[in-house]
Asker: 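Can you keep this structure in mind? I'll have questions shortly.
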Amino acid sequence: MYSKEWQKRGLPHIHILLWLQHHITPDQIDNVICAEIPDPIRDPQLHEIVKCNMIYGPCGCFNRNSPCMKDNACSKHYPKNLIKETQTGDDGYPKYKRRSTDDGGFSVNIKGVDIDNRWIVPYNPVLLRSCNAHVNVEYCSLVKSIKYVCKYVNKGSDQASFALENEKDEIKTYESGRYISSSEAVWRILEFPIHERFPTVVHLAVHLENGQRVYFNEQNLHDRVNSPPTTTLLSFFDLCKVDDFAKNLLYPEVPAYYVWDKKKFQRRKRGVNVVGWPDIKREHTLGRVYTVHPNNTECYHLRMLLHEIRGPISFEALKTVNGQVHPTFKSTCKALGLLEDDEHLYAALCQSPHKIRDLFTIILVFCQPTKSEEFDNREYLKETSYDLVALEYVVRNNEESLNDEQKFAYNQIITSVNNNEGRIYFLDTPGGTGKTFLINLILAKVRGTRDITLAVASSGIAATLLEGGRTAHATFKLPLNLTTSVTPFCNISKQSNFAEVLKDTKLIVWDEITMAHKSGVEALNRSLKDIRGNKRLMGGVTVLLAGDFRQTLPVVPKGTRTVEVKSCLKRSTLWPKINILKLSKNMRVHLGEEKFAGRFADLLLEIGNSDYPSFDEMITIPENLCTVVTTVQDLISKIYQDIAHIHDKPMEWLCERAILTPKNDQAAAINDTPLMSFEGEEKVYTSIDTVVNMDNATNYPVEFLNSLKPPGMPYHRLILRVGTSIMLL
Ligand SMILES: Nc1ncnc2c1ncn2[C@@H]1O[C@H](COP(=O)(O)OP(=O)(O)OP(=O)(O)O)[C@@H](O)[C@H]1O
């Protein structure tokens, strides 16, 4: 999208907003955008261009009369702070790397003033070199900042109102006029484009039957009543009656293949050919159905159906589910499972009689039924009702087999619990050294004496490995955004049931702590002191933190490496008070028979300790260690050979293979490939839509929310086929 404008004295200026197909990750920002003075020796050309075009002001103490000065400060926040590495800012714009002259940054002298990197407007070296003009480039990461730029791009031209008067008083009224500079005048006379936007967005009408707007006057009243004007929605129904291709489309998809011309949809003549449909062409055009407020109930649900049902030929067809015509659009949505009701709970109860007791417990514990007062102490009950015989068995069987390091750690922790010493331990454990084994033993030992111990982990998958494990966020009600408050607290009231549990807790185990934001542990410390009314560290509870700093550090959304390192436990004020315990013997290798397992474990350690040779943070994996493939497709076909006949394979075959990838979007792409190759029947499961805040429903259309794929949340549309491996957590 771009828009041109001419500044006060006619200086041409263009605002361009680009959407990139492939995201720039925070680590890549420095490769694209720079806010530093280039080295005058190594790159004199760029140095000169930056010096002439990209230095802001200077304003502030150098020039108090600069137009940007408001209330004695620069409204554009110059000079910026000097920082060693690029960091993501809270407002959606990064804080670019601006090194001081002591750190290797450069400075230039302009009109007797020494200017350093604090005054540089961010730029892209390639663009700057090719344009040799002021080209400010910014990275917009939040919707907030994109909205701001959109407003800027769409703003109108400068205008002024003025009055013309003369002696004869011929012109009495005020008129609007525009100043047009000579360069703008030339641009307009030659009819060069001022504004352009891609992709095109076509707005689509939505209305109930006979509910479209009709404008009439005395002359055309009868005409309009007898033949009301058509709308894009009515034309869509007509199109689906006669056009086989349109029968496969949803209403919002139509503009990509048909143009709205002369009050009807007509096939596109230009665009990309659609495979299997010789006369159909596709253009990158988006269809947007007007938003409807949820108070307008029927129309709101009609709109929802238009995003779900392909090729409807009438309003009645939209209301038909399995041959039955429903009285309202809302009941149709319900029948299609698009709206929330209690059906899923009833169905779950009816369809699994043998598991009904388990299910009943789950509903009581996790689904928060409205009449929960009868189960007031269920949190406490849950933590004190472990099977003592089974725990005793675990302790008796495993205590003996501990190795020396494990035994040392075990004794330290159990002593601290028994003597109420309230120490914090960090169990530093590379993968396979028996951390989970040890933790489960400790849990069994403490629970075996009817003492309460809470087992949490930073991720859901790690929590499943601990006996009675839950995620730390859910258990301690940690604030979702730990960085917004300076002193975050857990969202647990002192009078709550869970506070009663915390008051009697003897031990808290937090696994994969290295993935947790340090503020989470600090919040727990503050809350435990408060709830237990005890000023000692963690309110006097013994806390065992376990993890490995060689593995994933806290994930800070859009954060750079520096931000991630800053937010990990080692940078917490609590770290000096933590006792470190180490496990180093790899039990998985020691017990296993796999020939290369030892070498593999050593290599992981070498990489984690930065002892393995690397170039630009990339390593070369030795060939004899594993099979290296070059494409994802190769990987999939190696792991899932003969994928088309996957439903003939035994369950064990499926269970013993998995593809791991660090990023959610890669996982989604990898999941889709084998899925498409299965021959089995496809099943689509969609999440249920519920309007929580009526007013926000129009700000954020449902289909937009459903299109988002935030980390940690299941996709709105889950597509499965027979043979797909799924993991239930
Ligand atoms: N003292 C022990 N005696 C017998 N088996 C052990 C002992 N310690 C660990 N193991 C076994 O070694 C294997 C690896 O241990 P475990 O899964 O606890 O390691 P971990 O440190 O949690 O690994 P990771 O961090 O990769 O999850 C398991 O099969 C576990 O049962």
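Note that ligands are numbered from 1 as they come in the structure, with each ligand's atoms numbered from 1 the same way.
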Asker: Would the distance check show the side chain of Thr505 and the main-chain N or O of Leu507 forming a donor-acceptor pair, the cut-off being under 3.5 Å?
Answerer: no
Asker: Who's the nearest protein heavy-atom neighbour of atom 21 (O) of ligand 1, and how far?
Answerer: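 Going atom by atom, the protein heavy atom closest to atom 21 (O) of ligand 1 ends up being Lys435 N, 2.9 Å.
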Asker: Distance-only, no hydrogens or angles: does the Arg526 side chain make a donor-acceptor pair with backbone N or O of Pro488 under 3.5 Å?
Answerer: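 Yes, Arg526 side chain to Pro488 backbone: donor-acceptor pair under 3.5 Å.
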Asker: Does the pair Thr686 and His716 meet the rule for a side-chain hydrogen bond (donor to acceptor under 3.5 Å, both in side chains), with working shown?
Answerer: CA-CA 5 Å; Thr686 47; His716 165 65; 4.9 Å; no
Asker: May I ask you to identify the nearest protein heavy atom to atom 16 (P) of ligand 1, giving residue, atom name and distance to one decimal place in Å?
Answerer: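 Looking at atom 16 (P) of ligand 1, the protein heavy atom closest to it is Gly434 CA, 3.7 Å.
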Asker: When the aromatic ring centroids of Phe549 and Phe426 are compared, is their separation below 6.0 Å?
Answerer: yes
Asker: Starting from atom 24 (P) of ligand 1, what is the nearest protein heavy atom, named by residue and atom, and what distance separates them?
Answerer: Gly432 N, 3.6 Å
Asker: Give me the nearest non-hydrogen protein atom to atom 27 (O) of ligand 1 as residue plus atom name, then the distance to 0.1 Å.
Answerer: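 The protein heavy atom lying closest is Arg588 NH2, 3.9 Å.
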Asker: Got the closest protein heavy atom to atom 31 (O) of ligand 1, with its distance?
Answerer: Phe437 CD1, 3.7 Å
Asker: Which atoms of ligand 1 are found less than 4.0 Å from any heavy atom of Thr433?
Answerer: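 Per the distance check, 19 (O), 21 (O).
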Asker: Could you establish whether Thr429 and ligand 1 come within less than 4.0 Å of each other, counting only heavy atoms on the residue side?
Answerer: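 Flag not set, Thr429 not near ligand 1.
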Asker: Side chain, backbone, both or neither: which part of Thr436 comes within less than 4.0 Å of ligand 1 when only heavy atoms are counted?
Answerer: both
